[in-house]
Amino acid sequence: MGHLVTLVPGDGIGPEVTAAALLVLDAVGADIDWDTRHLGSSALDRGETSAVPAGTVESARRTGCVLKGPVSTSRDGGFRSPNTGLRRELGLFVQLRPVRAVPVAGGSAPPLDVVVVRQTGEDLYAGWELAPGSPAAVEALRAAGADDVSASGVSLKAFSPAAVRRTAEFALRWAQAHGRRRVTVVHKATVMRETDGLFLRVCRQVAAERPGDGPTAGVELDDALVDNACAQLVRRPAAFDVLLTGMLYGDVLSDLAAAVAGGVGLAPGAAYGPDAAVFEAAHGSAPRHAGQDRANPMGLIRSAALMLRHLGDGERAARVESAVDAVLAEGRDLTYDLAPGTPVGTRRCAEAIAERAASSG
């Protein structure tokens with residue numbers, strides 16, 4: 001019996017890019033048994049009463065591993081982010097978004113090979129909000145010294161020392177285990193001293209407490225203001241190695257890095273908790289492109305390679321990653337975002353990767 005993995009196809013372009021990833025995994029002979037579940041609007045469309053169904057959460061806890069297509073978040077208040085909800089239910093506390101530039105269609109690539117480590121569960125993306133004009137919002141704004149409080153909404157940003165410590169320890173251990181030499185804490189502590197300031201202080205404490213011969217020895221920790229980090233990613237892509245930050249900055253930084261590397265459609269992601277890991281592309285569900293066979297599947301295919309490494313199958317993961325790099329370099333079977341003149345569809349792009357990956361075995 002193979003590895004049991006929960007599969008969440010998602011919505012929008014999710015089912016198409018998920019099918020593409022499965023095609024590549026089949027091509028390399030990945031030994032996986034899938035438990036297909038649903039999340040968000042696709043779950044509600046199937047009669048579930050919650051955008052984060054209990055059955056999906058139970059499956060993820062049981063398998064400990066999820067391959068997830070993009071899932072839409074309601075923009076009109078219909079339901080809270082199912083992505084945030086699933087992270088909270090599974091106790092996922094950190095997310096990795098590696099971004100590595102490779103040559104496309106015979107061109108050159110910027111010297112970019114960076115990993116963004118995002119703390120999850122806190123920060124502005126945690127969903128801690130107070131409705132405009134509500135007594136709680138008015139009280140919070142008055143306590144903070146705001147002037148106009150009568151009709152203002154509030155999104156709360158909070159960091160706790162324990163959660164930041166756990167993320168910093170993870171980032172330093174991961175950097176050491178993967179041959180990385182420097183972790184840069186990205187923040188705006190000059191302005192948000194009670195939140196970003198705490199984040200930076202705790203990260204520095206964790207770094208200072210390391211034994212000289214421990215599992216994080218040899219990894220340097222420094223810091224950068226978020227606006228400067230964004231500028232440096234564009235101007236000097238080789239300036240960073242690992243970026244450690246909160247959810248909001250991490251989202252912006254990883255998308256910016258992906259754009260420098262060739263596009264967000266290429267960027268994979270992985271989120272980890274004590275008992276489960278979720279692998280998903282950095283991009284969203286792009287509902288206006290759904291069903292058109294034009295979405296770039298490489299982000300989720302690369303996420304599937306991260307999943308294979310997590311499952312202990314580094315050989316097949318390397319074959320998938322090398323196949324993606326080869327198809328990018330050849331430039332013949334690329335989707336519209338990478339080859340606007342002569343693009344192919346999602347399926348054909350995945351087939352080209354699958355053919356390369358299968359032939360390398």
Side-chain angles (χ1 to χ4, degrees), residues 3-26 32-92 95 97 120 125-127 247 251 255 264-265 267-271 273 276-304 306-307 335 337 345-347 349-350:
H3 297 285
L4 182 60
V5 175
T6 301
L7 179 68
V8 178
D11 54 61
I13 62 172
E16 295 165 83
V17 296
T18 301
L22 296 186
L23 180 68
V24 176
L25 290 172
D26 287 343
I32 297 174
D33 296 314
W34 301 102
D35 181 18
T36 302
R37 300 287 175 160
H38 298 280
L39 194 68
S41 61
S42 64
L44 297 174
D45 290 345
R46 286 169 171 78
E48 296 284 357
T49 58
S50 170
V52 185
T56 301
V57 174
E58 187 278 330
S59 172
R61 288 174 175 160
R62 176 165 44 86
T63 66
C65 185
V66 181
L67 182 64
K68 175 177 166 292
V71 174
S72 301
T73 295
S74 174
R75 297 188 178 187
D76 59 6
F79 53 83
R80 289 185 179 273
S81 169
N83 302 299
T84 299
L86 183 65
R87 283 195 292 264
R88 185 175 293 120
E89 290 287 347
L90 297 180
L92 305 179
Q95 184 180 60
R97 286 186 174 177
T120 61
Y125 278 18
M247 290 183 75
D251 198 16
D255 280 7
V264 71
V278 175
F279 300 88
E280 59 183 324
H283 62 73
S285 59
R288 65 190 180 94
H289 295 311
Q292 299 180 34
D293 188 39
R294 68 194 307 259
N296 187 342
M298 291 183 176
L300 193 60
I301 291 171
R302 282 175 157 176
S303 300
L306 294 178
M307 181 192 71
T335 50
D337 53 321
T346 305
R347 181 75 181 185
C349 180

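Note that the structure is a prediction, hence the values are computed from the model and not measured.
Pairs engaging residues 43-62 under the ring-ring contact (aromatic ring centres under 6.0 Å, His included) rule: none recorded [sequence neighbours left out]. Pairs passing the salt bridge (charged side-chain N to carboxylate O under 4.0 Å, His left out) check and including a residue from residues 38-51, sequence neighbours excluded, do not occur.
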Quiz: residues 9-21 side-chain donor-acceptor pairs under 3.5 angstrom, not counting sequence neighbours:
from : atom 1 : to   : atom 2 : distance (Å)
D11  : OD1    : S72  : N      : 3.0
D11  : OD1    : S72  : OG     : 2.5
D11  : OD2    : S41  : OG     : 3.2
D11  : OD2    : S72  : N      : 3.2
E16  : OE1    : D293 : N      : 3.0
E16  : OE2    : G291 : N      : 2.6
T18  : OG1    : P9   : O      : 3.2
T18  : OG1    : G14  : O      : 2.7

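With sequence neighbours excluded, the residues that form a side chain to side chain donor-acceptor pair (under 3.5 Å) with R61 are E89. D337 pairs by the salt bridge (Lys or Arg N to Asp or Glu O under 4.0 Å) definition with nothing, not counting sequence neighbours. Evaluation of the side chain to side chain donor-acceptor pair (under 3.5 Å) rule for Q292 yields no partner, not counting sequence neighbours. Under the rule for a side-chain contact (heavy atoms from CB on, under 4.5 Å), the partners of T63 that lie at least two apart in sequence or sit in another chain are L4, T6, S59. The salt bridge (Lys or Arg N to Asp or Glu O under 4.0 Å) test applied to R302 returns D325, not counting sequence neighbours. With sequence neighbours excluded, the residues forming a salt bridge (Lys or Arg N to Asp or Glu O under 4.0 Å) with R37 are D35, listed by chain and number. Partners of D255 according to the side chain to side chain donor-acceptor pair (under 3.5 Å) rule, which considers only residues two or more places apart in sequence or in another chain, do not exist here.
Within 6.0 Å of CZ on R62 lie more than 12 heavy atoms contributed by other residues, nucleotides or ligands.
Rounding to the nearest 0.5 Å gives a distance of 6.5 Å between CG of L67 and CG of L22.
Of the possible polar contacts, one joining the S303 side chain to the G269 backbone as a donor-acceptor pair under 3.5 Å is found.
Listed here is the closest heavy atom pair of L44 and T49: CD2-C, 4.1 Å.
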